[in-house]
Amino acid sequence: MAKGFYVSKLVAFVGIFLAIAAVATIIALAVVYANEKSNNKAENGGTTLTTTTSTPTTTRTTATATSSEKPSTTTPASNEIWDRYRLPANLIPDHYDIDLRPVLKKNAQGLYVFHGESTAHFTCNIATQHVIIHSNKLNYTENPILKDEAGNTISANNYFLVEKTNYLVLPLNQQLEANKKYTLHTKFVGELADDLAGFYRSEYVEDGETKIIATTQMQAPDARKAFPCFDEPGLKATFSITLRHKPDYVALSNMNISSETTDNWMQEEWRVTKFETTPKMSTYLVAFIVSQFKSIGDDRVKIWGRKRAIEDYNQGEYALNVTRSILVFFEKYYGVSYPLPKSDQVAIPDFSAGAMENWGLITYRDTALLYDTKESSIGNKERVVTIIAHELAHMWFGNLVTIRWWNDLWLNEGFASYVEYLGADHAEPTWNIKDLTVLYDVHRVMAVDALTSSHPLTSKEEDVNTPAEISSLFDAITYSKGAAVIRMLSSFLTENIFVEGLQSYLQEFQYKNTVYTDLWWHLQRAVYRNNITLRYEIKDIMNRWVLQMGFPVVTIDTTRGLVEQQHFLLDPNATVTRPSEFDYLWIVPITYTTSSGALNNFWLHQPADIHEPFNLTGQGSNWLLANINVTGYYRVNYDDGNWDRLLEQLNKDVSAIPVINRAQIIDDAFNLARAEIINTTRALDTTTFLSKEVEYMPWQAALSSLSYHIQMFDRTEVYGPMKAYMKQQVTPLFEHFKRETKNWTEIPEPLTHQYSQINAVSMACAYGIQECRELATGLFNNWKRTGINGIHANLRSTIYCNAIAQGGEEEWNFAWEQYKSSSGTNVQEAEKLRVALSCSKEPWILNRLLEFSLDPTKIRRQDTVSTITNVASNVAGQSLAWDFVRANWPKLRLQFGDSSFSFGNLIIGTTRRFSTEFELHQLKQFKEDNKEVGFGTGARALDQAIERTETNVRWVNKNKPIIKEWYQAAVKP
């Protein structure tokens, strides 16, 4: 699955403007709703069953098609096998026959439902007298029928459902025999809710007509909402799927269509679409869609979406071209042909994450798949190609070979988050996109991993059980730290050795399940086969990076040649309570160079070591630079003399230091200062060379680092001199791109130059360059006056935001109307406008937007959380958004459900600026007040917010006078 918190470039660039009010980048977050409508009656008299019981021999109420009363509910005893979240090992699935009929009209009760029939074929592994299979919110209209392989019916002592663990349980009157095969046939009705999970519905308006589609999102534990199944990733099976739908709809699933016939139901003609049987796969990868979408492509690759997007605006062409290219690349990279006969990719109007890697039927948010050559920005284009690469990477790593349990989710998602850059680089070789992982993954996740409330990449299987626990793993640690450590591994092994081991791993475990140590072993074998001398075994190196949280700061003293490592924590006063068998020591692959030498490497294993080449005593102005191109997942600190020489070099000639390391120096310094390892003024000194810098990565690292200062001080007297300093530093960049683009009439060619141009305009407007503000309001007003949008797509986000911030109700209303009209034609344009709506300085307008965020007729449910956090990123909206979340928390919990990915994003986004004792008290009171309501997947994020706020309070109290004085002194007369 692509990052639910995926950093959309368009939102990131709007965020640069919002930096004046909040943060340098706003994370575009996916919104997952889990609608708690478990008690709705199904069509034709079926009831939703929530019966649980304490003993398998007690007589239970059985619901059938004629049931009129809801069965009684009792609390199961904790020692019963159906009260455990992991399935017992008795039954192993072999195959499923699934037949579903989604009804895309409301029934008499005002609900959308689907009718289903399923046969699960399984082998008894250990003799048992119970059939236990996952089922959630399915209404059984007939008694389930269990048969042996001879077709004989096996009688059951009734059946019941366990709501807590999502089980359908059949207590049997006889034992199932080991090594014998059985089938379980069920008929059921389920709700096609708009909760973005399981088998759900999505709506859109096209040509004035509301259209409804039925689609799926099974990851992680929601296949059980579509059909009864053994819903664990390690229990692979084959699937034969049939979809029944109206003739003017098209049906899609993981495989190609095998036959199409018709039947009559409710006096109407329906089409019956049968699909070929899938390879052996996990339930979370099953997918099916019934829609009126159109496609572009051929038999192997098709892009699907709304008719206007595909046929009228040709927004699927770019995705089609890069998909073909990336598929060919990955076939060579993995050394295994693409495992399926086709790859359908579908743009869904309402979708919880960025995308989902369903095998052969990948689903995306509209904004992550569709690209308009006239209206979309370069950031939109980059997002499309990287997310497609991420999902296609999963076709092998994740789908063909699958983790055994969710505790190793990082292996799936971290690996895909790493190789997405390789796939995108193949599709767009001139972009040099692989370098950007340092900004988007390494630096970003270090901010989270430096907290004591972080967590290791992997954990014990028994520590991850409930749907909420599973969903909470879909975080920055899993995706971005996973990518960072795999990139580090590939770097010190070399890419050739890494790929050789990876191919061996895939070939041995195809259609099977693994644990992360299986990959270590295959990589080690590749090392052996190539007679590579590696000082340590791969498992010994990598287990330290995946089994303990955090990362080290490596301190190099060039006066003594001394190198040390210690666990890096943003809060120097924090106490680490999570134990580590490695005592928070790592085996660190250090790369380094000096101003007079070549690239070298060195392994640091001990807390401290003497490495003679690090001793630069007597070498004059010679400097040392470590972690070249930031291939290692660690921060670097130096003695004062080496810091001075590095900064002198930067102010004299930036080209002597690689561009990635120029970004690294800034990011490391600011974080080292927050951790009180170096002085805050030292960190600020690393920004002085920016008046001579035009490259994107150093500037973006500075913006991200300075965003913390903005968050802490934009409501204080410090912000005045800070704003003056930033205006001074950005003016040369603004003038540079004004010349390069011939007064903003052209767009630079390289990807990062385009991003630098956007940064230049965003910051110039944000920090008060009047020419920029006049440019923004002039372009926006010209659009408003003529009805013709002449703003280049790259600059629209920042122009919209600035114009709305400087304007009033008239400008906001115009943008709102444009947002509504573009939602049906260009979703990426609509996204730019939606984010810009949060830039208003009028509290009443921001409050109106917050209220709109809970109305799905105005703001799509997938965008609820990011709309709230965007308002919170605006200094004028911070307290409004926080009050809104507190007031609506029970409602949000009810709508989102326990397994939503969104709660953590919501808490982090609305509390990021907290830096006073009063705000800390509010946060703790919020935790206390909502203990009964609960926090779902946001529990860890709430603890992180409290820890972060405590750190912020101490940091501000200590650094406020020093920082104010530095900014005042740095501003030239």
Side-chain angles (χ1 to χ4, degrees), residues 15-25 447 570-573 637 640 643-644 647 650-651 665-691 693 698-733 762-770 841 872-876 878-879 911-920 948-973:
I16 293 167
F17 170 76
L18 288 178
I20 197 168
V23 294
T25 52
L570 275 178
D571 182 357
N573 301 309
N637 182 32
D640 283 340
W643 273 115
D644 289 339
L647 297 183
L650 285 170
N651 282 287
I665 286 170
I666 294 171
D667 194 76
D668 278 355
F670 272 86
N671 282 277
L672 292 168
R674 283 182 63 185
E676 299 182 14
I677 294 173
I678 65 173
N679 293 329
T680 298
T681 54
R682 169 71 76 193
L684 290 166
D685 288 343
T686 66
T687 67
T688 58
F689 80 93
L690 290 174
S691 59
E693 180 65 82
W699 264 110
Q700 189 60 35
L703 291 176
S704 297
S705 298
L706 288 167
S707 70
Y708 180 70
H709 285 203
I710 296 167
Q711 292 164 28
M712 298 301 100
F713 298 128
D714 64 357
R715 296 170 291 176
T716 74
E717 70 276 14
V718 175
Y719 188 68
M722 179 182 179
K723 182 179 176 182
Y725 173 72
M726 289 303 296
K727 179 180 179 181
Q728 169 185 291
Q729 294 301 89
V730 77
T731 296
L733 185 71
S762 298
M763 289 187 293
C765 287
Y767 292 114
I769 295 178
Q770 189 60 29
K841 298 303 178 186
S873 296
N874 182 340
V875 68
Q878 161 66 53
S879 60
T911 63
R912 198 182 298 273
R913 194 185 267 102
F914 283 10
S915 58
T916 67
E917 291 287 353
F918 177 70
E919 288 166 330
L920 177 61
R948 189 182 284 113
T949 302
E950 289 171 339
T951 304
N952 292 347
V953 170
R954 287 191 293 270
W955 187 87
V956 167
N957 290 340
K958 181 174 182 178
N959 288 281
K960 185 177 178 180
I962 300 169
I963 290 173
K964 180 183 177 183
E965 182 180 342
W966 189 93
Y967 281 125
Q968 288 172 330
V971 177
K972 299 173 184 176

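Because the structure is a prediction, the values reported are computed rather than measured.
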What distance separates [X] [atom1] from [Y] [atom2], expressed to the nearest 0.5 Å?
X: Ser707; Y: Phe670; atom1: OG; atom2: CZ; result: 10.0 Å
X: Lys723; Y: Asp714; atom1: NZ; atom2: CG; result: 11.5 Å
X: Tyr719; Y: Lys964; atom1: OH; atom2: NZ; result: 15.5 Å
X: Leu703; Y: Met763; atom1: CG; atom2: CE; result: 4.5 Å
X: Leu650; Y: Ile666; atom1: CG; atom2: CD1; result: 8.0 Å
X: Asp685; Y: Asn679; atom1: CG; atom2: CG; result: 9.5 Å

### Task
Using the test ring-ring contact (aromatic ring centres under 6.0 Å, His included), find all partners of Trp955 that sit at least two apart in sequence or belong to another chain.
Tyr708, His709, Phe713
### Query
Can you list the residues that meet the ring-ring contact (aromatic ring centres under 6.0 Å, His included) rule with Phe914, with sequence neighbours excluded?
Trp882
Partners passing salt bridge (Lys or Arg N to Asp or Glu O under 4.0 Å) against [X] (at least two apart in sequence or in another chain):
X: Lys960; result: Glu717
X: Asp571; result: Arg954
X: Glu965; result: none

Side chains of [X] and [Y], heavy atoms from C-beta outward: is any pair under 4.5 Å?
X: Val718; Y: Trp966; value: no
X: Trp643; Y: Ile678; value: yes
X: Leu570; Y: Arg948; value: no

### Query
Going through the checks in order, is the side-chain contact (heavy atoms from CB on, under 4.5 Å) test met by Phe689 and Leu647?
CA-CA 8 Å; Phe689 80 93; Leu647 297 183; 5.8 Å; no
### side-chain contact (heavy atoms from CB on, under 4.5 Å) partners for Ser879, two or more places apart
none
side-chain hydrogen bond (donor to acceptor under 3.5 Å, both in side chains) with [X]: which residues, sequence neighbours excluded?
X: Asn959; value: Thr680
X: Thr731; value: none
X: Asn651; value: Thr688
X: Ser691; value: none

### Task
If a pair satisfies salt bridge (charged side-chain N to carboxylate O under 4.0 Å, His left out) and one of its residues is in residues 667-683, list it, with sequence neighbours excluded.
Arg635-Asp667, Arg635-Asp668, Asp640-Arg682, Asp644-Arg682, Glu676-Lys958
What heavy-atom pair brings [X] and [Y] nearest, and what distance separates the two atoms?
X: Thr686; Y: Ala669; answer: CG2-CB, 3.7 Å
X: Pro572; Y: Ala675; answer: CB-O, 3.5 Å
X: Thr687; Y: Gln729; answer: O-NE2, 3.0 Å
X: Lys727; Y: Gly768; answer: NZ-O, 3.5 Å
X: Leu684; Y: Tyr967; answer: CD2-OH, 3.4 Å
X: Thr949; Y: Thr916; answer: CG2-O, 4.5 Å

### Query
Are any side-chain N or O atoms of Gln728 and backbone N or O atoms of Ala970, one a donor and one an acceptor, separated by less than 3.5 Å?
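Yes, the answer is positive, given that a donor and an acceptor are paired below the 3.5 Å cut-off.
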